[in-house]
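By convention in this document, chain letters (A, B, ...) are assigned in the order of the sequence lines, proteins followed by strands, and residues within each chain are numbered from 1. Quick note: numbers below take in every heavy atom, side chains included, and nothing from hydrogens, waters or symmetry partners.
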2 protein chains.
Amino acid sequence: MTESSPTARERIVAGAADMISRRGLNATSIRETAKHARAPLGSTYHYFPDGKQQLATEAVRYTGEWVARSLRKELEAGPVAGLQAFLALWRGIVVDSDFRAGCPVLAVSIEEPPTDETPTALAAAAEVFAKWESLLADSLCEHGAEPQQAAQLATLIVAAVEGTVAMCRAQRSAQPLDHTAEQLQALILAATKT
Amino acid sequence: MTESSPTARERIVAGAADMISRRGLNATSIRETAKHARAPLGSTYHYFPDGKQQLATEAVRYTGEWVARSLRKELEAGPVAGLQAFLALWRGIVVDSDFRAGCPVLAVSIEEPPTDETPTALAAAAEVFAKWESLLADSLCEHGAEPQQAAQLATLIVAAVEGTVAMCRAQRSAQPLDHTAEQLQALILAATKT
DNA sequence: CACTGGCTATAACGGCCGTCATAGTCTAGC
DNA sequence: GCTAGACTATGACGGCCGTTATAGCCAGTG
């Protein structure tokens with residue numbers, strides 16, 4: 001049963017992603033990520049010798065790939081199906097956590113970088129957003145949207161969903177997701193109808 | 001010159017809003033907000049006896065009213081003008097800070113509340129979002145949009161702008177704001193054209 | 001003048017932080 | 001069996017946190 005249960009390393013990364021999505025990067029301590037994953041603190045620095053930045057970077061990428069995988073699969077049935085899967089995924093996270101969890105990529109994006117240079121976790125967040133956008137934009141193009149319109153609409157979709165998830169947390173209600181879902185769906189239909 | 005320069009209390013609140021918008025609520029310390037406002041630490045607990053939560057709550061409301069004021073004024077020239085002002089306001093914050101600052105209301109919204117009850121700062125964030133939405137929705141209705149459509153579109157606008165600001169910070173570029181601006185503007189025109 | 005009340009200054013409290021070092025344990029391969 | 005290397009356990013380091021306490025300053029009022 002080497003593969004049936006995730007490795008300690010995977011547990012740490014997944015747990016860190018969850019904790020970052022709840023409390024933000026700065027408020028997520030390595031000690032607590034280790035405890036949450038039932039791993040000793042020493043192991044964390046064994047697996048992630050570059051410390052917190054490396055762990056955060058891997059957590060962002062982990063979430064990015066997990067979402068991208070779902071998006072890629074559902075987009076085979078068209079952009080509307082992809083949007084619905086994207087929305088359903090975040091709705092599940094928000095509602096199941098009783099409005100306590102959100103998107104770790106967003107959380108990393110809104111933490112000020114140190115004065116000198118861009119931390120790797122922030123760069124990873126930018127790449128994840130770009131990846132989600134390009135998956136959506138490609139699907140829109142394949143279904144008849146103009147390339148420029150597709151790119152703009154893809155940005156709007158990602159931004160709107162991220163913002164809506166945050167609003168749901170503040171209001172402790174999933175209603176904003178309903179509003180956003182309906183508006184974005186109509187937009188996709190209009191853009192691909194040509 | 002009692003009114004020409006803001007009071008120490010106002011400086012603390014405004015500075016706290018800025019710092020929260022950059023680093024998040026948990027990573028903003030009362031010590032640093034005091035130092036940033038050139039106020040002693042003791043004064044902070046004099047003005048805000050309920051501590052950090054009270055300061056955060058006032059910072060959120062301060063930002064909320066500042067934005068609402070701008071929104072109310074520009075919406076007199078119609079919803080498209082209001083949208084443009086809303087976008088320009090956030091673009092200024094993001095670009096002028098070299099992509100280091102964003103929206104403190106969003107930052108407060110994505111920090112996990114303690115187990116027991118909803119902190120006042122989070123409740124204030126929900127109210128601020130609701131206020132911005134209602135200002136936009138009312139304007140859309142006045143210009144011929146259906147009420148339900150107006151409410152949904154207002155949610156989309158606020159969520160999309162908040163999300164776009166975060167994406168701009170991650171990518172260190174204002175291009176997402178251009179995309180979002182164009183898409184939202186077209187949406188408003190379509191919804192008010194009836 | 002005294003004095004009161006808003007504000008400041010300073011220090012302390014326990015607690016958690018990121019990181020590092022070191023020694024111990026386990027396991028796979030020879 | 002034995003050794004190497006992956007992992008664990010434990011504790012320490014300096015530093016910042018939210019909050020409180022206490023004493024001092026200094027305007028304005030009587």
Note to self: Please give me every residue in residues 41-52 of chain A whose heavy atoms get under 4.0 Å of an atom in DNA chain C, ordered by residue number.
What the structure shows: A/L41, A/Y45, A/G51, A/K52
Notebook entry, point to check: Start at the 5' end of DNA chain C and walk down; is the nucleotide closest to B/R31 or to A/R31 reached first?
Noted result: B/R31
Notebook entry, point to check: Can you give the first and last nucleotides of DNA chain D, 5' to 3', that have an atom under 4.0 Å from a heavy atom of chain B?
Noted result: D/dC17 to D/dT20
Next item on the list: Please determine, by modelled atom types, if A/T192 and A/H143 share a side-chain donor-acceptor pair under 3.5 angstrom.
Entry: no
Checklist line | B/E112 vs A/R100, salt bridge (Lys or Arg N to Asp or Glu O under 4.0 Å): CA-CA, chis, key distance, verdict | finding: CA-CA 5 Å; B/E112 188 173 45; A/R100 304 169 83 73; 3.6 Å; yes
Margin query: Could you report the tightest heavy-atom contact between A/L71 and A/G82, atom names first, then the distance?
Written below: CD1-O, 3.7 Å
Check: Is there a donor-acceptor pair under 3.5 Å between the side chain of B/E111 and the backbone N or O of B/N26?
Finding: yes
Margin query: With a 4.0 Å cut-off on N to O distance, would you call B/R9 and B/E58 a salt bridge?
Written below: yes
Notebook entry, point to check: Is B/D178 salt-bridged to B/R91, cutoff N-O under 4.0 Å?
Noted result: yes
Next item on the list: For the pair A/W132 and A/V105, evaluate side chain to side chain contact (heavy atoms under 4.5 Å, CB included) and give the outcome as yes or no after the intermediate values.
Entry: CA-CA 11 Å; A/W132 295 349; A/V105 186; 4.1 Å; yes
Check: Which part of the nucleic acid, if any, lies within contact of A/T28, taking any heavy atom under 4.0 Å across all strands shown: a base, the sugar-phosphate backbone alone, or nothing?
Finding: sugar-phosphate
Notebook entry, point to check: Applying the 4.5 Å side-chain criterion to the ILVMFWY set and letting contacts propagate, would A/L187 and A/L177 be lumped into a single cluster?
Noted result: yes
